[in-house]
Structures are given as structure tokens and as C-alpha cells.
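For reference, the structure is listed below as C-alpha cells.
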Number of protein chains: 2
Amino acid sequence: MLAQQRQAAILDRVRATGGVRVSELAAEYGVSDMTIRRDLEALADRGLLAKVHGGATTVSPGSAHEPGFAAKSVRQRDEKAAIAARAAALVSPGDAIALSAGTTTAVLAQRLVDVPSLTVVTNSIPVADVFYRAGRPDQTVVLTGGTRTPSDALVGPVAVAAIGTLHLDMLFLGVHGMSERAGYTTPNLMEADVNRALVEAAERLVVLADSTKWGTVGISSIVPLERANVMITDDGLDTTARSLLSETVPELVVVNPQ
Amino acid sequence: MLAQQRQAAILDRVRATGGVRVSELAAEYGVSDMTIRRDLEALADRGLLAKVHGGATTVSPGSAHEPGFAAKSVRQRDEKAAIAARAAALVSPGDAIALSAGTTTAVLAQRLVDVPSLTVVTNSIPVADVFYRAGRPDQTVVLTGGTRTPSDALVGPVAVAAIGTLHLDMLFLGVHGMSERAGYTTPNLMEADVNRALVEAAERLVVLADSTKWGTVGISSIVPLERANVMITDDGLDTTARSLLSETVPELVVVNPQ
DNA sequence: ACTAATTCGAACACACTTGAACAGTACCGT
DNA sequence: ACGGTACTGTTCAAGTGTGTTCGAATTAGT
């Protein structure tokens, strides 16, 4: 693999998942840590990503209303990976699915590029990129339209209208917060609208939320907890939350990261 | 094997796999490293691929990294720049405009990032990127939805439906070909559909076409020549074409690229 | 058939990339 | 505050890749 290609691939990953780890990249591409560090440095010099201790993150796009987002996404990396792996198992060849915007769904996207004949609808440009770069002619990727948020999601009436004409088997919804009272929430009002439209368009709702999301409440509610058919989270959830969720959500899946 | 054939084969491979290695090509075609390097250099000079240490990659591996896009539109660069400059003069602050996909419209986009309070609708991801990178909060950029073509345009029923709900002051349409009989044409059927929807949604149609487009006919017609309100082209047009266009199009603008 | 032009390969000096080793630094739990 | 662990950048050596220059071989033109 050419150094250039490796760097491009790293950049893809950072953009899609929000953060990468030096050790993980070194293992994946079969090169030394130092080589990865030098790649990251080259990319950072061009302003394409930000080097941090242990890896790199996006150059901080959504940090305006969400400080510490990038760093956090690195920390919850294992949880997201485990959740995504479990979610991918729900998808069968030929399915028509939707993926909301978010780092967890971006990780999931990477696990779905090998599913044959998949149709994917998403309002996330990075998620669409993941499939587009895979270049599989049997897969169809539909971007909803709309205006772009700082986190590369497409929102607004155009997006909602586009989704209204579609019908999907399953929606994988990444959320920013969940609580008993507010249900699933996000900090962006327009994004909540789009997510609600996605929920309406899909037969089944699968919510992806690592355990740190519990108790977080964004400004805008998407749907109440019980609307989910499946929820996938990790074992960092405290006992009360877990029992409450297992009573509320028809199918609660708790994965064990690592 | 002829040098020409070898170069064509190399280009195919780069396009298919995203990247090639000098050593690998030398072994495969049974020629020396130097010959391969000279091949790559020749192809790179024509803007068909990008030489990198150890081999070569596609000229723009994926989404809009600025250098890739610039290199891609190297053909008729001066003409496109002059046309774009003239087109930009038609836009006023506060306008709601549409930009089709294409290299010329991408150049135009770069000249429009400083126009205050602009609303831009486009089905081109690179064009949207240009505005997004500028990050002006007073501008609104709306991406139509749809599936992605290899040239990063969004097409299909979702795109057409999204456009149907919008009304724009002006459409800047970049075309792949134009002729008396076929009108404005593009090689992609789905893209023609989207372009037609954009034409319907806009009050005025401004066609951007450098002189080399005359006589080129793509598979799919968008609209007839006379549908344009303004056409901007360069002075490379022959006399018969120029007189024909000036009779057909209400306003024909011929720019002089330097 | 002769000459000119082009293409190719070999050799060279130089530049780049990589991995290992090391000393220093940041993070984390106690 | 402390120490252990993991991560960092620097330096160096080895391996690759690079362009230039030259001569040989092939091709094209007259």
C-alpha cells in the first residue's frame, strides 16, 4: 500500500468516526507506530486533522455547541465498535436501511460495506462517503438533501420531504442523549426533525447509544424511549437504568466492549 | 506492447484499484522502473492521475481535497475561469441561486463565497463543499438528495423531488455538450433529469459552456438551446456557431480568457 | 539505405520512507 | 504526590524510490 493511500484512508476514518488511535492504525496497516505518527503529522500540518495524545481527531467541526466531542469519541471508541458490530448482525443482504448521522452510525457503516445488495438512506455525508468509497455497484446509497450542519449532517425541510417519500426496513438511530422523561434527544432541533422523519419511514427502529448517553438530555426530543424496537448499548449502564430500559424497550441488547 | 497501450492499461488500473506501485507495474509489463515512471509522468502531465512516492493514485481519491479538484479541471482552465468570473457578476447579495454539477460551476462557486446572504441549491457535493469550507453563517447551502454519480453529483428521484419544492432566481447550468439539434446535453441520463428539474425551478437559466462544448453531444438532452436566458462562453467559438447562438439565445456573452 | 527521432534501459547520486532505539513526557490510578 | 504505563519525538541506519544522463535499440522519414 502506498504511503499516500494510507494517509487518505486514515483521513477517511477520522472523518467518519471522529477519531483514531495510533496503535489501532499501526496494527491495521501493518506498519510501525512511528510511521502512523508521521502520517498523522503530515495530515495535521495540512490542517486536515488534529493530533492528540494516542491518536488523532477531526479538526473539531462540531465543537461549537459540543465541546470535547472529538476527545470523547475517541474514549468511547471500543463501546461504539462493539455496539456497531452487534448492530451489523441485524442486517441481511438486500435490506433497505437508514442510518442517522453520528459517529456510532459511521462506525456501523464501515461494518456494512460488505453486505451485498444493500440499500442505504442517510442524511450523513461521512456515512455516505464510507459506502461510496467502497464502490460496490450492487449497493445503492441515497443521501437525503438539505442544508449542512457543522457535523456534516443534512437537515431541514428538504431532507424531511425527501425521507417522506421513502420506506425502509430498519433505521439505525444514533442519539446524543436518552432519559426516561425526554426519551431520545439531540442538541440540534433540525436534526431532531430529520430523525423523526426517519423513524416514521422505517418499519423497525434500532437505537444505538453507548452507556454514557444515559442521563444526557439534548434540547430536542426525537421520540420516547418505548418507540424503539431494539436498543443496543454497552455494559457501562447502571442497574437502575438497565432495568428501566429492559422494561421499556421490547429488545434491549447489552454488549461487552473489548 | 506499445507504450500507448501500456499507458492506457496503467490508467485503467489506477482507476480500478485507486493506486499502483512502480515496482509492481515494472514487473508486470516486463519493462524497467524508469519506463514506468516516464509513463506515469506523461499521464500525470495530462492530469489523468497523480504521481506519488512509490507509484501513482487517482487524481482525486474521493471527496473534495482542494488540490485534487483543481488538477481535475485543468482542461480549459483559463476559459472556465473567465466564464465563471463573468457569471459571478450576475449574482447579487441575497439571491437564491442554483448551481448544477460540473467543473465550471465549481469554479463559479469559488467566486461566489464572498457574496453576502446568498442561498445556493446544488446537487454537487464538491460545490457544496466550497461554500461549506468558507463557513459564512449568512449563506445557506442546500444539497439536493439522491444517489451519487462517479462525478460526485446527486441524482435520481429523490433529487428531482427535492428540487420540485424549491423556487430559485437563477440557475447556472454547466453542460457537457451543446448542438443545434440536441440542445444542451450530458452523458448521464439521471443527471439530465436533475438538470431539467433545476431548469423548471429557476426563473432564469444561465448556461456556462466553454467553446469546446460546441458540437459535442451527450446521450441525454436537457433542454433545447433557446431555453437559456443567458449563455456565457469563450471566444474560441467559430463564426457560424456564434451567429447561430446569438440568434437562438436571448443574451449571448462571449468572454475573452486573457 | 541512411539519417533523425523516439523509446528504452542502465548507472549514478540523491531524496524519501521506514523501523528501531532511546530519552523524555503525558496520562492514570493509588 | 508518586510511580507505573503508555505514548511521544529525535536520531540514526537501512532500504526504496527518484530524476538525470548517457548509450543502445527501435522506429519513422526521406
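Quick caveat, the model's predicted, so the values are computed rather than measured. Each chain gets a letter, A, B and so on, in the order its sequence line appears, and its residues count up from 1.
- For B/Arg242, the salt bridge (Lys or Arg N to Asp or Glu O under 4.0 Å) criterion is met by no residue, not counting sequence neighbours.
- Taking atom CG of B/Leu40 as the reference point, atom P of C/dC8 lies 13 Å away to the nearest angstrom.
- Looking at which nucleotide of DNA chain C each of B/His53 and B/Ile36 is closest to, the 5′-most match is held by B/Ile36.
- Rounded to a whole Å, the CZ atom of A/Arg38 is 14 Å from the P atom of D/dC12.
- Taking the side chain of A/Arg37 as heavy atoms from C-beta on, and the options D/dC7, C/dG19, C/dA10, the nearest nucleotide is D/dC7.
- Taking atom CG of residue A/Leu25 and atom P of nucleotide D/dC7, one finds them 13 Å apart after rounding to whole Å.
- Between B/Arg21 atom CZ and D/dG15 atom C1' the separation is 13 Å, expressed in whole Å.
- Checked by atom type, the side-chain pair B/Asn188/B/Thr186 shows no donor-acceptor distance below 3.5 Å.
- As a whole-Å value, the separation of A/Asp39 CG from C/dC16 P is 16 Å.
- Residue A/Asp33 contributes atom CG, which lies 10 Å from atom P of C/dG19 at whole-angstrom precision.
- A/Glu41 has its CD atom 8 Å from the C1' atom of D/dG9, to the nearest Å.
- No side-chain N or O of A/Ser243 forms a donor-acceptor pair with one of A/Ser246 less than 3.5 Å apart.
- One side chain, B/Asp234 or B/Ser211, offers a donor N or O that lies under 3.5 Å from an acceptor on the other.
- Atom-to-atom, CE of B/Met34 to C1' of D/dA25 comes out at 17 Å; the value is rounded to the nearest Å.
- Residue B/Lys51 places its side chain closer to D/dG19 than to any other of C/dC8, D/dG19, D/dG9.
- Among D/dG17, C/dG19, D/dC7, the nucleotide with an atom closest to any side-chain atom of A/Val31 is C/dG19.
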